[in-house]
Amino acid sequence: MSVDREVQAAKLRVEELRAIIAHHDYRYYVLDSPEISDAGYDELMRELRQLEERYPQFITPDSPTQRVSGQPVEAFGIVEHRLPLLSLANAFNGEELRAWHRRAANLAERDDFALVCEPKMDGLAVALVYENGRLVQGATRGDGTRGENITENLRTIRTIPLTVGKDAPVRFEARGEVHMNKRGFERLNEERAREGQPLFANPRNAAAGSVRQLDPRVTARRPLDIFIYALGWAEGETPPTHWESLEWLGSLGFRINPNNVRVPDIEAAVRLCGEWQERRDGLEYEIDGLVVKIDDRELHDRLGIVGREPRWAIAYKFPPIQATTKLLEIGVNVGRTGSLNPYAVLEPVRVGGATVKLATLHNEDDIRRKDIRIGDTVIIQRAGDVIPQVVGPVASLRTGEEREYRTPERCPACGAPVHRPEGEAMSYCSNVACPAQAFRQLAHFVSRGAMDIDGIGESLGASLMQAGLVKDPADLYSLTKEQLVGLERMADKSAQNILDAVAGSKERPLGRVIFALGIRHVGSEIAEVLAQRYPSLDALAAASVEELQSIPAIGPKIAESVSAYFQTEANRRMIEKLRRAGVRLEAEGAPPAEGPLQGLQFVITGTLASFSRSEAEERVRSLGGNAGSSVTKKTDYLVVGETPGSKLKKAREYGTKTLSEEEFRELLRRHGAA
DNA sequence: GATCCTCGAGTTCG
DNA sequence: CTCGAGGATC
């Protein structure tokens, strides 16, 4: 039938147009050397759009007309990175770069390797996953293990190819840094100024804010760009060097920074870092340093990872942007543990795009060490991160009016005496009933990693305590709507939301509950360890110091602290209140003591492809096994992932059995862990 | 006793 | 992110 033939022809033409447009997108956006006029390009797009309107069945997500297709979303989904995105160790001068190189050369037992130097973009790292030639997922770095799914937003960035050539692997991940160049940033801010919208402080914030828009149509209008800086993982053959993998990614249509350089040795890299420091302002985008990577990918595997940092790469950071301002006053906060934390009140000053008014001063020793005095002119910097630091005073600007700081003798919140334990850096308020501590305890109890009670923040927590409605966290569970509505700016609806959030927290896992109690030295990790060991809060409360100490990762201090907590009358009373309110103080489901891996000690090293380390550990525990962090004589199995660290060596010394990831998965399968 | 790692606690700005 | 402290190991 002729209709069929017509449809068939349209389909072919649609595919052809897409290929042509993709080619011109690449020429224009990636290579910056178009082959056709804008009018010619528009004509192609128009034809494609018309055909797609007529034959909507041919619309696919990788069509260039569909860059902005997504609808606004409520929130981003979370995706697990198959291979974690690592962070980098820093070097702040040539000497530290050389030291890094020496360590790597020692471990590698050679020093003749080439290095790749790449401008370190100040942007937002993302991971792009392609399957069968199509972009299927784009995610933020997040904490390195899991990030946010921002695929629809990334699709709007013209330099990100929606499709890649046929010779690409079936599945692979490309990693890059999304950023906004200086001109785009200025134009965006001019536009926002005209529209009376708040301005972005710097290109980095603008890029990060744009990528995290819930409505992709907003993202599409932002002048975002990307440089791909690494091949994440790939199924199949990959080039032997980092440099070649970049070239190869370039040939697939990705945008690679043309300023990347491969150098033969560390001295050349050091020279280059110095040169770029001078030239950084000449670039059209902002950089905060250079990344230096060992080119040979085989060496990457040999050198491995320490903590979350690969040994085969390092970030050379330019000196941070500094400013001077007046230190007006030193204030003191009281922390959850009663610690007195001094902070600097500064005359507001702009540093690296943000206005700084406060900065933490850590503790008295630190202030003394840096010789910071009230009234000093001080140097402020925002190094790499966001958090401002007081570097030190400008002693030459002293007038003699400056005062030295002294830790107050009485708690600024409650007036109780302050004491400083022998050998500790911090001073503490001695009053167990200090209102400031109680307030911080409450904030900790409701916080995200603990009971996760949404809607109770700083201000509501403060007013609840002010009104005498809440004296300890357990009181949250007896709040009534009438009480809440009596508070300022609290209508029926929001009061109900709060009550729902409180009620919804009654069934948190035991580990969360233990963490929420805020026992000194017991953070999220130790709380989880305790929850694995004891089936209920009562069982934990009954444990002796000796018994607690026998648990790996728990030494005398933690054991003592836990025991003391449960012996304190006020704490026992609060736990009783929690119990009566219906908060579950028992582990969920059957105790893990019966699992098939009962009594076996597992340790994981390197990166696993199919799950994150904590996930793998969770599975082990769910089968009754133990998962530790370092190899000892007691370790039964070492699970070896990609780029194992020093643990593997240890395991060989002790003759510990090792499992490959495959074997480990097989073991889990055999014992019925999904 | 020294040293390596991991964990805990407090923190800034928009 | 930072520092300091706690735990484990040699």
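What you see is a predicted model; the values in this text were computed from it and never measured. A note on names: the letters A, B, ... follow the listed sequences, proteins ahead of strands, and every chain is numbered from 1.
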Separation of atom CD in E309(A) from atom P in dC1(C), rounded to whole Å: 9 Å

Phosphate OP1/OP2 of dT11(B) contacted by N341(A) side-chain N/O (<4.0 Å): yes

Between dA5(C) (P) and I519(A) (CD1): distance, integer Å: 20 Å

Rounded distance (Å) that lies between atom C1' of dT2(C) and atom CG of D365(A): 16 Å

Nearest-Å distance for atom pair CE/P, residues M426(A) and dT2(C): 16 Å

Under 4.0 angstrom between H521(A) side-chain N/O and dG6(C) OP1 or OP2: yes

Protein-nucleotide distance (N205(A), atom CG; dC13(B), atom P), rounded to Å: 13 Å

N93(A) atom CG, over 12 foreign heavy atoms within 6.0 Å: yes

Stepwise side-chain hydrogen bond (donor to acceptor under 3.5 Å, both in side chains) test for E329(A) and Y405(A): CA-CA 9 Å; E329(A) 188 55 74; Y405(A) 167 77; over 6 Å; no

Rounded distance (Å) that lies between atom P of dC7(B) and atom CG of L530(A): 14 Å

Nearest heavy-atom neighbours spanning D376(A) and P393(A): OD2-CB, 3.4 Å

Nearest-nucleotide pick for I526(A), side chain only, options being dC13(B), dG8(B), dG4(C): dG8(B)

Selected nucleotide, minimal atom distance to S339(A) side chain, candidates dT12(B), dG10(B), dG6(C): dG10(B)

Sugar-phosphate, base or nothing in reach of R369(A), heavy atoms under 4.0 Å: sugar-phosphate

Charged tip of R192(A) within 45° of F200(A) ring normal and under 6.0 Å: yes

Shortest side-chain distance from A425(A), nucleotide among dT12(B), dG4(C), dA9(B): dG4(C)

For atom CZ of R440(A) and atom C1' of dG8(B), their distance in whole Å: 16 Å

Length of the line joining L346(A):CG and dT12(B):P, which is rounded to integer Å: 10 Å

Heavy-atom check, side chain of T325(A) versus side chain of V351(A), under 4.5 Å: no

Listed nucleotide nearest any side-chain atom of Q389(A), set dT12(B), dA9(B), dT2(C): dT2(C)

V522(A) vs A359(A), nearer the 5' end of DNA chain B by closest nucleotide: V522(A)

Selection from dG8(B), dT12(B), dG7(C) that lies nearest to any side-chain heavy atom of Y343(A): dT12(B)

Candidate nucleotides dC13(B), dG8(B), dA9(B), ranked by approach to the side chain of T337(A) - the nearest: dA9(B)

Proximity to the side chain of L358(A) - top-ranked nucleotide from dC13(B), dG8(B), dT11(B): dC13(B)

Salt-bridge criterion met for E364(A) and R368(A) (N-O under 4.0 Å): yes

Out of dG10(B), dC3(C), dG6(C), whichever nucleotide has its closest atom nearest the side chain of H362(A): dC3(C)

Closest to the N333(A) side chain, choosing from dT11(B), dG4(C), dG8(B): dT11(B)

